[in-house]
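Residue numbers begin at 1 in each chain, while the letters A, B, ... track the order of the sequences. On a predicted model such as this, the values are computed, not experimentally measured, just so you know. All values below were derived from every heavy atom in this structure, side-chain atoms included, with hydrogens, water molecules and symmetry-related copies excluded.
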Protein chains: 2
Amino acid sequence: MSSQLKPGTSNACNIIALSLACEVNDVLRDISPRWKMQVLHRIAAGTNQFSSLKVAFPSLSDQILGKRLAELVSDKLIDKNIIEVKAPKRIHYFITDKGLELLKIIDDLHKWGLKWRDLL
Amino acid sequence: MSSQLKPGTSNACNIIALSLACEVNDVLRDISPRWKMQVLHRIAAGTNQFSSLKVAFPSLSDQILGKRLAELVSDKLIDKNIIEVKAPKRIHYFITDKGLELLKIIDDLHKWGLKWRDLL
DNA sequence: GCAATAACTCACCCGAAAGTGAGCCTTTAT
DNA sequence: ATAAAGGCTCACTTTCGGGTGAGTTATTGC
């Protein structure tokens, strides 16, 4: 993922320390940005255009949606087909195998959350 | 989890929108704080005191460790036995069933990360 | 000749999370 | 009488990420 970290800061050092300690942190960082897994889930469900995703998430702004889509693509969780290059552009997004496998685990996480919600 | 959100901000509104859209966001928010799953994993592995956790994670400060432990307890992912009330206090942490089940999923996430790391 | 459409990108702001310095409590050892 | 041990908490500063406003591109319809 594209993270803007000022090198040399204690913050950046700790990120490095975390990664060395355990690779799962990279994964957690990649999946935790707001709306990201939501959008991935939607794309898996067949909502495959920028504009229809906007409709699906009315409180998500264009800018953040664009950012999340770019992240998902660079993470190779989704891929895109360029249908029309000239404006108005048309692009179709679709989930990759990597993304599908991730979604299964996210779904386990979801079930876990429901199971223990308000329990004991 | 204890989150300090100023009500009425667009930020807070979006958190609410996210929660309504899908409960998995709450879970993602709970597991993504830095060091948290790391610490949970360590406790599961038997490192059960504040001071020994400090040794296990040299670049993690007392303050953040304290915060993470408090979060883990309030999430009921760990519990604590108070061995000695008077200073120097002695407290043993241990993982709960809820925490154990979560760790299994985190481990899946870890495996997923390794599998797809540097793969196409 | 103006607006709308689709899919973005840039520059900026602000709140939240991460990190830091210091202090607290009581007992035991020096 | 002072320091260390063990487990924190408070107040403060810095960094990061989410959110917002505006602008871009080229085509089609009014």
- Task: Could you note down all residue pairs passing side-chain hydrogen bond (donor to acceptor under 3.5 Å, both in side chains) where residues 99-112 of chain A supplies at least one of them, sequence neighbours left out?
- Result: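 Sorted pair list: A:Glu101-B:Lys115, A:Glu101-B:Trp116, A:Asp107-A:Lys111, A:His110-B:Glu23.
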- Query: With distance as the sole criterion, do the side chain of B:Glu84 and the base of D:dG6 form a donor-acceptor contact below 3.5 Å?
  - Reply: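 Absent.
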- Query: Taking the side chain as C-beta and beyond, is there a heavy-atom pair between A:Arg34 and B:Arg29 under 4.5 Å?
  - Reply: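 A:Arg34 reaches B:Arg29 side chain to side chain.
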- Do the side chain of B:Gln49 and the base of D:dG7 come within less than 3.5 angstrom through a donor-acceptor pair of N or O atoms?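 Answer no: no donor N or O sits under 3.5 Å from an acceptor.
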- Message: Mind checking if B:Ser61 touches a base, just sugar-phosphate, or nothing, with heavy atoms under 4.0 Å?
- Response: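 Base contact - B:Ser61 has a heavy atom under 4.0 Å of at least one base atom.
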- Message: Distance check needed: D:dG17 C1' versus A:Leu28 CG, whole Å only.
- Response: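 The distance from CG of A:Leu28 to C1' of D:dG17 comes to 17 Å, rounded to the nearest Å.
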- Indicate yes or no: at least one non-hydrogen side-chain atom of B:Tyr93 is less than 4.5 angstrom from one of B:Gln49.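 A side-chain contact under 4.5 Å is absent here.
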- Item | Interatomic distance where CG belongs to A:Leu53 and P belongs to C:dT5 [whole Å] |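 One finds 17 Å between P of C:dT5 and CG of A:Leu53, rounded.
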- Between D:dC8, C:dC10, D:dG18, which nucleotide gets closest to the side-chain atoms of A:Gln63?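 The answer is C:dC10, which lies nearest to the side chain.
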- Check every atom of D:dG6, D:dG19, C:dA18 against the side chain of B:Lys67 and return the nucleotide holding the closest atom.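 Among the listed nucleotides, the one closest to the side chain of B:Lys67 is C:dA18.
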- Interatomic distance, A:Trp35 CH2 vs D:dG17 C1' [rounded to whole Å]: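 That distance rounds to 15 Å.
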- Task: Taking only the side-chain heavy atoms of A:Arg68 (C-beta and beyond), determine which of D:dG18, D:dC8, C:dA7 contains the nearest atom.
- Result: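 From the listed options, D:dG18 comes nearest.
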- Indicate for each nucleotide in nucleotides 23-30 of chain C, in 5' to 3' sequence, whether protein heavy atoms under 4.0 Å reach the base (B), only the sugar-phosphate (S), or nothing (-). --BBS---
- Round to the nearest Å and state the distance from B:Lys36 atom NZ to C:dA17 atom C1'.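 Rounded to whole Å, this separation is 13 Å.
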- Spacing of B:Leu28 atom CG and A:Leu28 atom CG [to the nearest 0.5 Å]: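 The CG atom of B:Leu28 sits 9.0 Å away from the CG atom of A:Leu28.
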- Query: Can a side chain N or O of A:Ser51 be found less than 4.0 Å away from OP1 or OP2 on C:dA7?
  - Reply: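 A:Ser51 to C:dA7 OP1/OP2: side-chain N or O found under 4.0 Å.
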- Would you kindly give the CG-to-P distance between A:Asp30 and D:dG17, to the nearest whole Å?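 Rounded to whole Å, this separation is 11 Å.
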- Look at the side-chain N and O atoms of B:Arg90 and state whether any lies under 4.0 Å from the OP1 or OP2 oxygen of D:dG6.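 Yes, such a contact exists.
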- Residue list, salt bridge (Lys or Arg N to Asp or Glu O under 4.0 Å) with B:Asp97, at least two apart or on another chain: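 Checked B:Asp97 against salt bridge (Lys or Arg N to Asp or Glu O under 4.0 Å); zero matches.
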- Task: Using a 4.0 Å heavy-atom cut-off across all strands, classify B:Lys80 as base, sugar-phosphate, or nothing.
- Result: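 Touches sugar-phosphate only.
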- Message: Rounded to whole Å, please give me the gap between NZ in B:Lys54 and P in D:dA4.
- Response: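 Atom-to-atom, B:Lys54 to D:dA4, this comes out as 13 Å.
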- Task: Could you tell me whether A:Lys36 and A:Asp30 make a salt bridge, using a distance below 4.0 angstrom between a side-chain N and a carboxylate O?
- Result: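 Salt bridge: no.
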- Query: Considering only C:dT20, C:dA6, D:dG7, which nucleotide approaches the side chain of B:Phe50 most closely?
  - Reply: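 Shortest atom-to-atom distance from the side chain points to D:dG7.
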- Are the side chain of B:Lys76 and the backbone N or O of B:Gly99 linked by a donor-acceptor pair below 3.5 Å?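 Answer holds: no.
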- Could you state the CG-P distance from B:Leu65 to D:dC10, rounded to the nearest angstrom?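 Computing the B:Leu65:CG to D:dC10:P distance gives 16 Å.
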- Message: Closest approach to the side chain of B:Pro33, judged atom by atom: which nucleotide of C:dA18, C:dA6, D:dG18 is it?
- Response: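 Side chain of B:Pro33 sits closest to C:dA18.
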- Might you point out which heavy atoms bring B:Pro88 and B:Glu84 nearest each other, and give the distance in Å?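 Result for this residue pair: O-CG, 4.0 Å.
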- Nearest-Å distance, CD1 (B:Ile82) to P (D:dG7)?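 Whole-Å distance recorded here is 11 Å.
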- Message: Taking the minimum atom-to-atom distance to the side chain of A:Ile91, which one of C:dA7, C:dA18, D:dC8 wins?
- Response: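 From the listed options, C:dA7 comes nearest.
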